[in-house]
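Computed from heavy atoms alone, side chains included, the values below leave out hydrogens, waters and symmetry copies. Proteins get letters first, then strands, A, B, ... in listed order; numbering begins at 1 in each.
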Amino acid sequence: MDDSPLIRERIEKLAAWRADGIEPYPWSFPGRRPTSEARQRAERLGAGEADAGPPVRVAGRLRAVRVHGRTAFFDLEDAAGRLQLIVRSDEVGTDRFDGWVRRFDPGDLLGADGRPARSKRGELSLDVTELTLLAKAIAPPPEKFHGLQDAEERLRRRYVDLLASPDVRARFRLRARLERAMRAYFDDHDFLGVETPVLLPVASGAAAAPFLTHSNWLDETLQLRIALELPLKRLLVGGLERVYEVGPCFRNEDADTTHHPEFTMVEAYWAYADYHDMRGLIEGLFSRLAEVAADGAPPSSPAAQAAEAFRPPFRTIDFVEALEERSGLSSVPELSIEALRAEVARFDPSVPSDAPVGKLLDRLFAQYVEPTLDAPTFVVDHPLATTPLAKAHRSKPGRVERFELFYRRFELANAYTELNDPIEQERRFREQLSGRPDDRYAYDADFLEALRYGLPPSTGVGFGLDRIALAFTGAASIKDVILFPQVRRR
RNA sequence: GGGCCCGUAGCUCAGCUCGGUAGAGCAGGCGGCUCUUAACCGCAAGGUCAGGGGUUCGAAUCCCCUCGGGCCCGCCA
């Protein structure tokens, strides 16, 4: 691992520091200020001037070194940005100058003391009086101009991707800002942030393959949750009325640009409200998130475009009407399963002969309508067959009270008026159990027991935080907004 | 699961079509330069061409297999 000549050279430099009695991994660097502070003070100066005020101390990673005879320019980068250090031999002394130039390498973490200054070319700088090695990097960083480009290495060694690319750091900062704004939005609307179990005897609330693990204590197989839905609804039964949770869920399925086996789910449940109320809440949330994303972003950026697009009210289309309009089919709700299968087979000959009605309708919608859903769009009132956990529509027979929010052709959020009839819920669970094995919802007897105590009329919503980040950062793949995505072992 | 593409120095990339001693830039080494900013100039060094097998006098290059990755399709609330 450490047999590269480049690493050996750096280890030799490290030994040289120690030989001079300087610890290359010191314990602390008190009084350090962000580089932005030095830049702000330097901004007031003319080219070639130095600030006569108190000295400033900064710390960060050495990104580039330009030695120009007896003057050297170091680019130091911290979380606040980049600062040029001007190191002059006649200021710091010949011996120290030569030692620093020889022993500091790009990638090293170092501290600097000096006076804010502007170079003769006007660059915001620090006129250095002292440099301190804070941690020697013995591995060389990626090339300074292109950074780390190899897609595989960027995922496997995210720390290198991050240290080499301010853009990548900015993307994950934006993700964190979106999460914070989202929590604040729910908090401000009197939703209670809660945490429910990740480890469960049976993962339920969605149709997805779970990951399995084992409890030594219980000597039982446990499953990692695939959704947050059922525990949160239990909390409504318990009288908490408005709850939300943000946390990881796990689905033992393939990854692609919008799916990842480990992802961050957000779900919120609201008692004494229906899906119309939820649509208003979600419209407000997403327009707020888009504003947050656009704050400080350039006008043509994906975030700025999103802020423009997510201005309420969002377009609303009826599932069946949109499908009929786009596909040319008529009376879709009356079509037999044979007719639906024949329609799907026109573009997908491999459609399984036992595909249920709900799946066929989803396929048709995905084929004809989803590709047109670039702008934020609520798709409402799905056929009952596609949605087993939602409450039947109060006025449209054969439909449920549900909406999905689409943007850039993928689903961003999914909500319904919740089914709260315990008898009906049990019937639907049993119906699912008799379906295809990979299609079933896990039967959750304790949840049915909870419903018997009375779940208020309620609405709930779920969405993937990763997809929010994907939509508002303009990233190409969900892996680009997950710090450490799953990768196959080499 | 199917198709297409990629893997060459620590990093960014040429070279592969048409087989003939492995190239550049950055980073690192040595030397020069007191205001550069992808600094610049000179010298020297740096390789399991992803791995394995095959064809051939000769393979980074052609063929097959394997590993890893990307894109598209399929699957997936």
Review point. A:Gln149 near the nucleic acid: base, sugar-phosphate alone, or nothing, with a heavy-atom cut-off under 4.0 Å?
Key: sugar-phosphate
**Study point:** Near-strand residues of residues 67-79 of chain A, defined as heavy-atom separation under 4.0 angstrom from RNA chain B
**Key:** A:Val67, A:His68, A:Gly69, A:Arg70, A:Thr71, A:Phe73
Check your understanding: Taking the side chain from A:Thr473 and the backbone from A:Ala475, do they hold a donor-acceptor pair closer than 3.5 Å?
Key -> yes
Point to revise | For B:G7, the Watson-Crick or wobble partner whose two distances fall under 3.5 Å | key: B:C67
Check your understanding: Choosing from B:C35, B:U37, B:A27, which nucleotide comes nearest the side chain of A:Arg82?
Key -> B:U37
Point to revise | Residue-level proximity of residues 249-263 of chain A to RNA chain B when a heavy atom falls under 4.0 Å | key: A:Arg251, A:Glu253, A:Asp254, A:Asp256, A:Thr257, A:His259
Review point. Looking for any heavy atom pair under 4.0 Å, which part of the strands does A:Asp105 touch: base, sugar-phosphate only, or nothing?
Key: sugar-phosphate
Point to revise | Heavy-atom side-chain contact between A:Gln84 and A:Leu124 under 4.5 Å | key: no
Point to revise | Residue A:Pro142, side-chain heavy atoms: nucleotide from B:G10, B:G68, B:C11 that is nearest | key: B:C11
Check your understanding: Looking across every strand, which nucleic acid part, if any, lies under 4.0 Å from A:Arg66 by heavy atom: base, sugar-phosphate, or nothing?
Key -> base
Exercise for review: Among B:C75, B:C11, B:G68, find the nucleotide with the atom closest to the side chain of A:Arg363.
Suggested key: B:C75
Practice item. Please state whether the phosphate of B:G29, meaning OP1 or OP2, lies under 4.0 angstrom from any side-chain nitrogen or oxygen of A:Lys13. Key: yes
